[in-house]
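This report concerns only the one structure given below.
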Amino acid sequence: MTPMVRISKVRKRFGYLEVLKGIDLDVARNSVVCVIGPSGSGKSTLLRCVNRLETIDSGRIRVDGELIGYTEHTDGLRVLGEKQLCRQRAAIGMVFQGFHLFGNRTALENVIEGPVTVQGKSRAEAIEQARELLERVGLADRAEHYPAQLSGGQQQRVAIARSLAMRPKVMLFDEPTSALDPELVAEVLAVMRDLAREGMTMMVVTHEMRFARDAGDHLVFMDDGVIVEQGDPRAVLEQPREARTRAFLGQVG
Amino acid sequence: MSAAEELPINAKHPPRPGRWIAAVLAGFVLVWLAYTIIVNPNLHWDIVVDQQFDHRILAGLGVTIALAVTSMVVGIVLGVLVAVMQLSANPVLRAAAGLYTWFFRGTPLLVQLIFWFNLALIFPTVGFGVPFGGPQLVEWQTNALITPFVAGLLGLTINEGAYMAEIVRAGISSVAHGQREAAEALGMPNRAVLRRVVLPQAMRVIIPPTGNQFISMLKTTSMVSVIAGADLLTVAQHIYLDNFEVIALLIVASIWYLVLTTIASVGQHFIEKRFNRGQITLRRRLGRDLLPVVRRRKS
Ligand SMILES: Nc1ncnc2c1ncn2[C@@H]1O[C@H](COP(=O)(O)OP(=O)(O)OP(=O)(O)O)[C@@H](O)[C@H]1O
Ligand SMILES: [Mg+2]
């Protein structure tokens, strides 16, 4: 079976700074791939390329076999139109470090926004589904709260529900717990563990080594725009082969 | 802890003689000013009373209101458009929008009004047809088209659009960039991101300065008097050129401007209050009532 996400030879530069220097990475279906690495190594950029919040300069990214951002023609690639791009994005969930809930909408309204506006679902149907999702992330009783009335951990769980409401094929998490107080990290990780158990394909940029070890199927260590080392999480964390990996793991403890 | 410490605080302030002296002085100045104004034989209050509801004055008042409301409404639409252009990814649109606000905020409104009024000096005729000197389908004499009212409307609207663009842009920029990305990540097309996420939240920032713009617009309309715009001030001037009651007619006009701006201020106060209250009560109401609403919808 083709992998859910296939990243091949991806390069990306911001001006003169090359941030991704030829990344090859597969995310198998129903698997959890965690990405670790020092600040500025290009982890967020890589994730953002997958749903085309950033464009790439060379290489290919495929999700479920479909090329992201372009169509292939005999005479080369053509940039995808907005409608098609939106269709691709709708199938890829993304959870941000800073939650980014819509501030003028309640938790429930945040969750129904995608299904109603993007997928054209009826409001009633979307609300029913949203209530189930909020229940699933343990926030059934917070449905009518505004983001400002929720703790960081609660906001992040609503953000996860908002993404799930689109029934995505894959979920991207960019340091979902880094902005949280230590005591709130666990509740978000618990939701993510549940998702992983249910077979959601996930790509997770994280500093939570415990999560990477227990919940991850595959671990990627990035540094300076390249994948330095990847493999079974336990193996990479306990017996890193590369000096750079050892140095990084030594620093984060 | 003794029982007395639990009693409510009921302490006396130290004496504040300064406050009393200031109040007495200010009161004295006010009374003295009022006295000199009322008994001053050079201020013809009888004429003021006589002219306040003169039909010409009322017609001028109508023109002033029409100018202010129309140029404000169209100016807001223009401002939203230009602000969206300014924030677009298209460099040509950005440049055009930048040029617009740069030019119209950078030149005096008075000059712009006189310019629009004299448009015929540059373009004797205006019409539709093939550009770059091709044949014209329809054509009008500019002078017939650009009445003082139209020139005033053009000047005020285009000028207002430039200021509103900045206000709207600040409002849009106030909405966290992350929310826009979150909406994009959900697969929302650009237009929906703007309509569903950005503009509703930008409103909170946009509304108060827009109220101020309107209040100042009510007075700014008086500038069209330089092109004989038939507004309140123009009419007042026409009358006093006739009867030489300069001060009385300026008072008449000023009273009307004060009435307009007072009404607008009160309106602004209520809109803002309702808006803020909306934020709170909407939240409370939704918290309690949304559940039954949803249930009712389902049944
Ligand atoms: N929009 C941008 N414009 C210019 N440079 C950028 C942009 N986004 C990221 N960069 C640069 O690209 C590099 C990689 O950034 P990225 O955010 O991908 O790192 P990261 O691995 O996610 O780091 P962190 O752990 O701090 O989140 C950094 O040097 C950053 O400054
Ligand atoms: Mg990052």
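We name chains A, B, ... by the order of the sequence lines, and we start the count at 1 in each one.
A salt bridge does not link A:Lys169 to A:Glu66: none of the charged side-chain nitrogens sits closer than 4.0 Å to a carboxylate oxygen. Between A:Glu54 and A:Arg11, no side-chain nitrogen of the basic residue sits less than 4.0 Å from a carboxylate oxygen of the acidic one, so the salt-bridge criterion is not met.
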For residues 67-79 of chain B, dump all side-chain donor-acceptor pairs below 3.5 Å to protein atoms at least two apart in sequence or in another chain.
unit_1: B:Thr70; atom_1: OG1; unit_2: B:Ala66; atom_2: O; d: 2.6
unit_1: B:Ser71; atom_1: OG; unit_2: B:Leu67; atom_2: O; d: 2.4

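Under the 3.5 Å distance criterion, with hydrogens and angles disregarded, no donor-acceptor pair is assigned to the side chains of A:Asn104 and A:Glu109. For the residue pair A:Thr2 / A:Arg29, a side-chain donor-acceptor distance below 3.5 Å is found, with atom types taken as modelled. Checked by atom type, the side-chain pair A:Gln154/A:Arg157 shows no donor-acceptor distance below 3.5 Å.
Taking B:His177, B:Met188, B:Arg180, B:Gln179 one by one and counting their heavy-atom pairs under 4.5 Å with chain A, the maximum is reached by B:Gln179. When each of A:Lys83, A:Glu82, A:His145 is checked for heavy-atom pairs under 4.5 Å with chain B, A:Glu82 comes out on top. Considering only heavy-atom pairs separated by less than 4.5 Å from chain A, the leading option among B:Gln201, B:Glu181, B:Arg196 is B:Arg196. Between chain B and the residues A:Arg162, A:Gln119, A:Arg105, the most heavy-atom pairs under 4.5 angstrom are made by A:Arg105.
Of the two parts of A:Phe96, only the side chain, counted from C-beta on, holds a non-hydrogen atom closer than 4.5 Å to a non-hydrogen atom of chain B. Heavy atoms closer than 4.5 Å to chain B are found in the backbone of A:Leu101, but not in its side chain. Only the side chain of B:Ala192 comes within contact range of chain A, judged by heavy atoms closer than 4.5 Å. Heavy atoms closer than 4.5 Å to chain B are found in the side chain of A:Arg48, but not in its backbone. In this structure, the portion of A:Ile92 lying under 4.5 Å from any heavy atom of chain B is its backbone and not its side chain. Contacts between A:Arg52 and chain B at a heavy-atom distance below 4.5 Å are absent for every atom of the residue.
A:Thr177 places no side-chain N or O within donor-acceptor distance of the main-chain N or O of A:Leu180, the cut-off being under 3.5 Å.
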